[in-house]
Trainee: 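Take a look at the following structure, please.
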Amino acid sequence: MEGPSLYLAANQLKPFRGKTVLSVSGNTKIEKERILGKEVKSIFSWGKHLIIQFDEFALRTHFLLFGAFEAELNHSTLTGDYKRAYTPRLQLDFENGNIKLFSCSVKFLETRNAKASYDFTIDIMSPKWSPDKAFDSISSKPDALIADVLLDQEIFAGVGNIIKNEVLWRVRIHPETKVKEIPPSQLKELIAETKKFSLLFYKWRKVFQLRKHLDIYQKSICPRCGAKVKREKTGKRNRISHFCPVCQMGDENLDQPNLS
DNA sequence: ATTCATGTTGTGAT
DNA sequence: TATCACAACATGAA
């Protein structure tokens, strides 16, 4: 699950702010009983994390590859694509509804203000996100492959494999291009496009229409030039890159008009 | 039936 | 010490 989905979750769960947890269940091994009777102070996301802040501690959730959330508000579905039949990792019940968190990692943060410990300037969905900071962080890793850099949660918190592939396709950069091989102007374009696409991802995900808007991820033909899409494990992270071997051939000169 | 993938963390070897 | 390969976790779609 990528950053925009978490940002969406945090937004959709806002009706539970100020509500008290009436019952707790789930197959998590953490001491979930301590949540009983506590009031939800705030809910927010950072990168791929969803954080529920209580008075003296916070609950941090990470959905990894297969995680999901569902919620009901006043007996109708608030969010969730369908009803899962299996036991949630953690379920919180309120007087106005419930939150179910599936197949995720959950952890307590011993703080009254978890939000203060996160750097939102690197969170792709945050209004505080800084393209200049991203530029500096990326530039400090000249030999890294751009496919790895986009997945680096200390640079682009919230960016996952879908966003990585779609953005690289949009700016026509080969996933195995080294940072130092990318001209500054194109790197800035990449950074701006990452933010732009993440907002689109959010918009589409909200109405369950993400898939139909993807151009390169799990596609067989490049919609721009018709070439057969390549899939290769790339970089140190060994994640699959989906790219067009024609549009993204890594020859920067072809992107620049020849003015001589 | 089998494989793969919107991801991260920890362990043990090199 | 740093880096790496691999395992573990967990679900649903192709």
Side-chain angles (χ1 to χ4, degrees), chain A residues 1-12 26-30 45-51 59-70 79-91 100-109 118 122-125 140-141 143-145 147-170 175-176 178 193-221 229-243:
Chain A
M1 200 177 278
E2 306 197 11
S5 302
L6 275 299
Y7 191 73
L8 177 66
N11 280 158
Q12 290 176 324
N27 58 17
T28 179
K29 288 172 186 165
I30 64 171
S45 70
W46 178 88
K48 296 171 187 169
H49 291 170
L50 178 70
I51 298 98
L59 183 77
R60 190 200 71 184
T61 303
H62 195 300
F63 292 98
L64 293 96
L65 220 50
F66 313 128
F69 62 91
E70 293 172 20
T79 186
D81 38 7
Y82 62 96
K83 305 269 188 193
R84 281 146 189 87
Y86 51 92
T87 308
R89 178 75 76 247
L90 186 64
Q91 175 169 349
K100 295 178 185 176
L101 307 170
F102 297 91
S103 319
C104 52
S105 77
V106 286
K107 184 188 176 184
F108 286 121
L109 303 177
Y118 287 100
I122 64 170
D123 176 5
I124 193 65
M125 292 307 291
S140 73
K141 297 176 181 291
D143 291 312
L145 300 190
D148 279 335
V149 168
L150 277 162
L151 292 176
D152 188 335
Q153 299 301 295
E154 292 180 9
I155 299 179
F156 288 109
V159 170
N161 211 30
I162 294 179
I163 297 175
K164 178 198 84 178
N165 285 303
E166 292 293 322
V167 169
L168 287 174
W169 178 80
R170 284 171 167 240
E176 291 177 301
K178 283 186 178 180
E193 196 62 34
T194 304
K195 174 74 175 182
K196 206 158 132 191
F197 184 80
S198 296
L199 293 174
L200 286 171
F201 188 123
Y202 173 80
K203 189 176 109 183
W204 295 328
R205 171 71 181 70
K206 197 174 187 175
V207 292
F208 304 111
Q209 289 191 351
L210 174 65
R211 222 85 199 180
K212 63 185 267 192
H213 286 101
L214 300 182
D215 288 313
I216 197 76
Y217 182 81
Q218 291 185 344
K219 298 291 173 189
S220 52
I221 300 295
V229 172
K230 273 200 165 190
R231 293 186 192 187
E232 284 174 13
K233 283 198 172 182
T234 55
K236 293 182 179 180
R237 289 166 197 274
N238 229 22
R239 299 295 300 277
I240 301 264
S241 283
H242 307 233
F243 61 98

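Throughout, a chain's letter reflects where its sequence line sits, starting with A, and its residues are numbered from 1.
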Trainee: Does a side-chain N or O of A/K236 approach OP1 or OP2 of C/dT3 to a distance below 4.0 Å, or not?
Mentor: no
Trainee: Distance under 6.0 Å and angle within 45° of the ring axis: does A/R84 meet both against A/F102?
Mentor: yes
Trainee: Could you give the NZ-to-P distance, from A/K29 to C/dA8, as a whole number of Å?
Mentor: 14 Å
Trainee: Could A/K83 and A/E70 be called an ion pair, given the rule that one side-chain N must be under 4.0 Å from one carboxylate O?
Mentor: no
Trainee: Which part of the nucleic acid, if any, lies within reach of A/R211 when heavy atoms closer than 4.0 Å are counted: base, sugar-phosphate only, or nothing?
Mentor: base
Trainee: Is the shortest side-chain N/O distance from A/Q153 to OP1 or OP2 of B/dT8 below 4.0 Å?
Mentor: yes
Trainee: Rounded to whole angstrom units, what separation is found between the CG atom of A/L151 and the P atom of B/dT8?
Mentor: 8 Å
Trainee: Are more than 12 heavy atoms, taken from residues, nucleotides or ligands other than A/K195, located less than 6.0 Å from that residue's NZ atom?
Mentor: yes
Trainee: For DNA chain B, produce a single dot-bracket line, 5' to 3'. Pairs: Watson-Crick or G-U wobble, both distances under 3.5 Å. Symbols: ( ) within strand, [ ] crossing, | other strand, . unpaired.
Mentor: .||||.||||||||
Trainee: Do other residues, nucleotides or ligands put more than 12 heavy atoms under 6.0 Å from the CD atom of A/Q209?
Mentor: yes
Trainee: Looking at B/dG7, B/dA5, C/dT11, which one has an atom nearest to any side-chain atom of A/H62?
Mentor: B/dG7
Trainee: Can you measure A/L65 atom CG to C/dA8 atom P for me and round it to whole angstrom units?
Mentor: 17 Å
Trainee: What is the distance, rounded to the nearest whole Å, between atom CG of A/L50 and atom C1' of B/dG7?
Mentor: 16 Å
Trainee: Could you check how far CD1 of A/I124 sits from P of B/dG7, rounded to whole Å?
Mentor: 14 Å
Trainee: Find the distance A/R237:CZ to B/dG7:P and express it as a whole number of Å.
Mentor: 11 Å
Trainee: Start at the 5' end of DNA chain C and walk down; is the nucleotide closest to A/L64 or to A/Y82 reached first?
Mentor: A/L64
Trainee: Find the distance A/K107:NZ to B/dT8:P and express it as a whole number of Å.
Mentor: 15 Å
Trainee: Quick one: is A/R239 getting a side-chain N or O under 4.0 Å of the B/dG7 phosphate, OP1 or OP2?
Mentor: yes
Trainee: So what does A/F201 hit on the nucleic acid, given a heavy-atom distance under 4.0 Å: a base, only sugar-phosphate, or nothing?
Mentor: base
Trainee: Write down the distance between CZ (A/F156) and C1' (B/dT8), rounded to a whole number of angstrom.
Mentor: 19 Å
Trainee: Which word best sums up how the rings of A/F197 and A/F201 line up, parallel for under 30°, tilted for 30 to 60°, or perpendicular for over 60°?
Mentor: perpendicular
Trainee: With a 4.0 Å cut-off on heavy atoms, is A/I240 in touch with a base, just the backbone sugar-phosphate, or nothing at all?
Mentor: sugar-phosphate
Trainee: Return the 5'-most residue of the pair A/M1, A/R60 with respect to DNA chain B, ranking by each residue's nearest nucleotide.
Mentor: A/M1
Trainee: Near A/K230 NZ, under 6.0 Å, is it more than 12 heavy atoms from other residues, nucleotides or ligands?
Mentor: no
Trainee: A/Q12: what forms a side chain to side chain contact (heavy atoms under 4.5 Å, CB included) with it, not counting sequence neighbours?
Mentor: A/L8, A/F69, A/T79
